[in-house]
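Presented below is the structure to which this report refers.
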Amino acid sequence: MPSLVDLGAERGGLVGLAAAPDGTVGVSVGDRLLPLVDDPIGYLARADAELRPRWVCWTPETAAVLVAHGLRLTTCWDVAAVHRLLFGGWRAEPARIWASLQGLDRRGLPVLGQLDLMGGDGGGDPDAPVRPDGHLRPEFVSGGWWGSPQRAAAWARTAVLAAEVQQSRLAAAKERGEVAGDPLATARAESTAELLCAELAADGLPIDRAAATALVTSIVGPPPSDEAAAASARAERDADVLRHLPPGSGIDLRSPNDVKAMLRRVGIDVPDTRAWRLEGMRDAHPVVDALLRWRKAERIATTFGHLWLAEHVGEDGRLRGAWSASDGAAGRMTAQAGLHNLPAELRPVVKAEPGYVFVRADLGQIEPRVLAAVSGDAALRAATQDDDLYLPVATRLGVERSVAKIAVLAAMYGQTSGTAGQALRGMEAAYPVAIQYLADAARMGQAGISPRTYGGRLVRMGEVQDGDHRGTAAAARGRYARNAMVQGAAAELFKVWAVTVRARMGDLDGRIVLCLHDELLVHVRTEHADDVVALLDRCLHEAAYRWHPTSGVRFVTDTSVVASWADAK
DNA sequence: GATTTCACGTA
DNA sequence: CGTACGTGAAATCC
């Protein structure tokens, strides 16, 4: 079989790649198609090590397939991930991507099984991924290339064609001045973050299964043997609340309406029964305290209980869920199976395996530091030189640190109520460039114009829901845009950090097992812990430079080596 | 049966 | 002090 170099591939150059769960693999270099029939995984592994091309894939599915076969590629260009960057939003199916890149009418989007005038499939060569009308052939979109390495290679070729259009679109956005940063660099980092996501999903988060079962049992009882046992355990928990009420009141604690009516009967009138609203009313009636305790246990029982453990924690003690490198809004990573909203009380059961530790690092005060970078505010940049950014801000504003913190956050998030107004005016005087940056974003949002983050992600203003009764839809869009410019840029920097750590891990053999917006958790053999601590810091500096070479902003990490996730901080 | 609302955990 | 996400159960819509 010819090597990629024989086909004309260059180091770091685009090489198309399609890999199906059934093992079908095809690659493409320029117009050359290469079906891989004999040990395709071995071929890809050698090519990745020797040439390190930028593998171009339609979707993260490709990476998932390869990881399942034990292959972890170095870098990629994920067409779906870049599509989200370019166009915003979440939907990124190949047919839709292709249509938007080729300027095709979306109403003509191919649908599998749809008949048309050409007699079923749009006509033309059924082995070609592109129909005569320019749209992708629906059979290819839905996996029609599986089983045929030849068709896989042709499919890979279309991914490269899409990637090339994406590159010119990103470059054009930069030239038009729509993007302050380097959108091509963002696209590469966002793509490689998808590789990391595939690995996170495969590796899972180490859990002490026995400790987890014991903890859940202490809160909701042992795993029920049948539905009757589950019902009686539920009734037992309910009884702790109901005993504070007249017998036979027939309250369903799981029904907010019932609970609201019940509270009114004991003299507590509330618009809703949310915990923060009831928090201060624990003394009003003993049922309030009982209800709030019940809610906490109920959360464990329903969402993080025995069922959850059985469903998401494997025999090997790994908690696994699907990961996405970007949500549909500002572009933060998302995770399922509760990985991103694990209650703090469950963190003690997140434990490193014997002979291993966690190196846990989070970015300190990431959002104001990112604001300093993307806005270019010299005074705020100066404040980032301090370990605690809020101290110099407090000095400059002439207020307490706590007030300074509220003022900074209020400015970034578009506070509409509260008492930070005075300090906010101080912010305008002290950090005019940063405040102007935020005001510009808010104004665009209010006007319904979609802004781009520093790295180039389009933040779509179409689908912002009306922020309840606190203001108009325009005000809600303003807050959304203001927040997304900071949150989104922070997500971009975070992902550059994460993929840099992944790339530089080398022989230390550590694995990133959790990404939590500003926090990385690395599982590594104990003897390499100190090296990983140093690596995380080194990679942050490298990432900050790659992300924004001239910002002059100082970023800081809080890093610790721990046996359990709960031991950190 | 599908969608929306409420509630609550994380950042 | 705002935004976003995932989740489960009830309420509501069709």
Side-chain angles (χ1 to χ4, degrees), chain A residues 90 234 252-260 270-279 291-292 294-305 307-308 311-312 321-347 350 362-368 371 402-421 423-424 427 438 441-442 445 457 459-460 463-465 467-468 470-471 475-491 494 514-521 565 569:
Chain A
W90 191 80
R234 264 199 305 275
D252 179 358
L253 295 174
R254 292 161 190 80
S255 160
N257 282 342
D258 269 24
V259 171
K260 203 162 101 177
V270 281
D272 61 64
T273 71
R274 292 178 137 86
W276 62 266
R277 204 182 286 282
L278 296 177
E279 195 55 50
L291 176 69
L292 290 174
W294 177 89
R295 283 255 177 88
K296 242 177 152 42
E298 187 68 4
R299 159 84 33 212
I300 298 294
T302 56
T303 309
F304 297 102
L307 255 162
W308 171 73
E311 221 170 296
H312 301 293
W323 285 79
S324 164
S326 82
D327 61 28
R332 300 222 287 198
M333 294 176 79
T334 69
Q336 295 180 329
L339 281 156
H340 270 182
N341 50 354
L342 211 63
E345 55 186 318
L346 278 174
R347 289 191 181 197
V350 179
D362 70 56
L363 300 176
Q365 304 165 341
I366 173 73
E367 293 192 339
L371 173 62
S402 59
V403 178
K405 180 174 177 178
I406 288 172
V408 170
L409 296 177
M412 283 192 298
Y413 302 150
Q415 180 186 6
T416 52
S417 60
T419 55
L424 205 54
M427 285 290 295
L438 294 165
R457 180 176 302 277
V459 178
R460 293 173 62 151
E463 302 100 71
V464 187
Q465 67 223 27
D468 56 39
R470 274 197 323 285
R477 285 201 305 271
R479 282 196 303 273
Y480 174 72
R482 178 191 290 260
N483 181 266
M485 295 298 275
V486 178
Q487 190 187 94
F494 176 80
L514 189 72
C515 295
L516 195 47
H517 306 316
D518 66 351
E519 178 176 351
L520 278 177
L521 200 62
W565 192 22
K569 275 211 163 149

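Protein chains get the first letters and strands the later ones, always in sequence-line order, with residue 1 at the start of each. Everything numeric here is computed off the predicted structure, so don't read it as measured data.
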Just checking [X]: base, sugar-phosphate only, or nothing, at a heavy-atom cut-off of under 4.0 Å?
X: A:Ala484; value: nothing
X: A:Leu339; value: nothing
X: A:Arg299; value: base
X: A:Arg277; value: nothing
X: A:Ala330; value: nothing
X: A:Arg482; value: nothing

Query raised in the report: More than 12 heavy atoms of other residues, nucleotides or ligands under 6.0 Å from CG of A:Leu307: is that the case?
Result: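 At most 12 heavy atoms, drawn from other residues, nucleotides or ligands, come within 6.0 Å of this atom.
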
Out of [options], whichever nucleotide has its closest atom nearest the side chain of [X]:
X: A:Leu409; options: B:dA11, C:dC1, C:dG8; value: C:dC1
X: A:Arg479; options: C:dT3, C:dA11, B:dA11; value: C:dT3
X: A:Ala275; options: C:dA11, B:dC8, C:dG6; value: B:dC8
X: A:Leu516; options: B:dC8, B:dA11, C:dT3; value: B:dA11
X: A:Thr302; options: C:dA4, C:dA9, B:dC8; value: C:dA9
X: A:Tyr480; options: B:dA7, C:dT3, C:dC5; value: C:dT3
X: A:Pro256; options: B:dA11, B:dT10, B:dA7; value: B:dA7

Query raised in the report: Say you draw a straight line from CH2 of A:Trp565 to CG of A:Leu342; how long is it, rounded to the nearest 0.5 Å?
Result: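 It comes to 5.5 Å.
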
Report task. Mark yes or no for whether A:Arg482, through its side chain, and A:Ala411, through its backbone, hold a donor-acceptor pair below 3.5 Å. Result ->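 Judged by distance alone, yes, a pair lies under 3.5 Å.
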
Requested in this report: Return yes if some donor-acceptor pair links the side-chain N/O of A:Lys260 with the main-chain N/O of A:Pro271 below 3.5 Å, else return no.
Outcome: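 Answer holds: yes.
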
Rounded to whole angstrom units, what separation is found between the [atom1] atom of [X] and the [atom2] atom of [N]?
X: A:Gln336; N: B:dG9; atom1: CD; atom2: P; answer: 20 Å
X: A:Lys296; N: C:dG8; atom1: NZ; atom2: P; answer: 18 Å
X: A:Arg477; N: C:dG2; atom1: CZ; atom2: C1'; answer: 17 Å
X: A:Leu307; N: C:dG6; atom1: CG; atom2: P; answer: 21 Å
X: A:His517; N: B:dG9; atom1: NE2; atom2: C1'; answer: 11 Å
X: A:Trp294; N: B:dA7; atom1: CH2; atom2: P; answer: 12 Å
X: A:Glu367; N: C:dC1; atom1: CD; atom2: C1'; answer: 12 Å
X: A:His340; N: C:dG8; atom1: NE2; atom2: C1'; answer: 19 Å

Can you tell me if the side-chain N/O atoms of [X] get under 4.0 Å from OP1 or OP2 in [N]?
X: A:Thr273; N: B:dC6; value: no
X: A:Arg254; N: C:dA9; value: no
X: A:Gln487; N: C:dG2; value: no
X: A:Thr334; N: C:dA4; value: no

Query raised in the report: Is there side-chain contact between A:Leu516 and A:Phe494, with heavy atoms separated by less than 4.5 Å?
Result: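 Side chain of A:Leu516 against side chain of A:Phe494, heavy atoms only: no contact under 4.5 Å found.
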
Requested in this report: Fit a plane to each ring of A:His312 and A:Trp308, take the angle between them on a 0 to 90° scale, and name the class: parallel (under 30°), tilted (30 to 60°) or perpendicular (over 60°).
Outcome: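 Judged by the thresholds at 30° and 60°, the geometry between A:His312 and A:Trp308 is tilted.
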
Query raised in the report: For the side chain of A:Arg332 and the base of B:dA11, is some donor closer than 3.5 Å to an acceptor across the two?
Result: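 Checked by distance alone, the answer is yes.
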
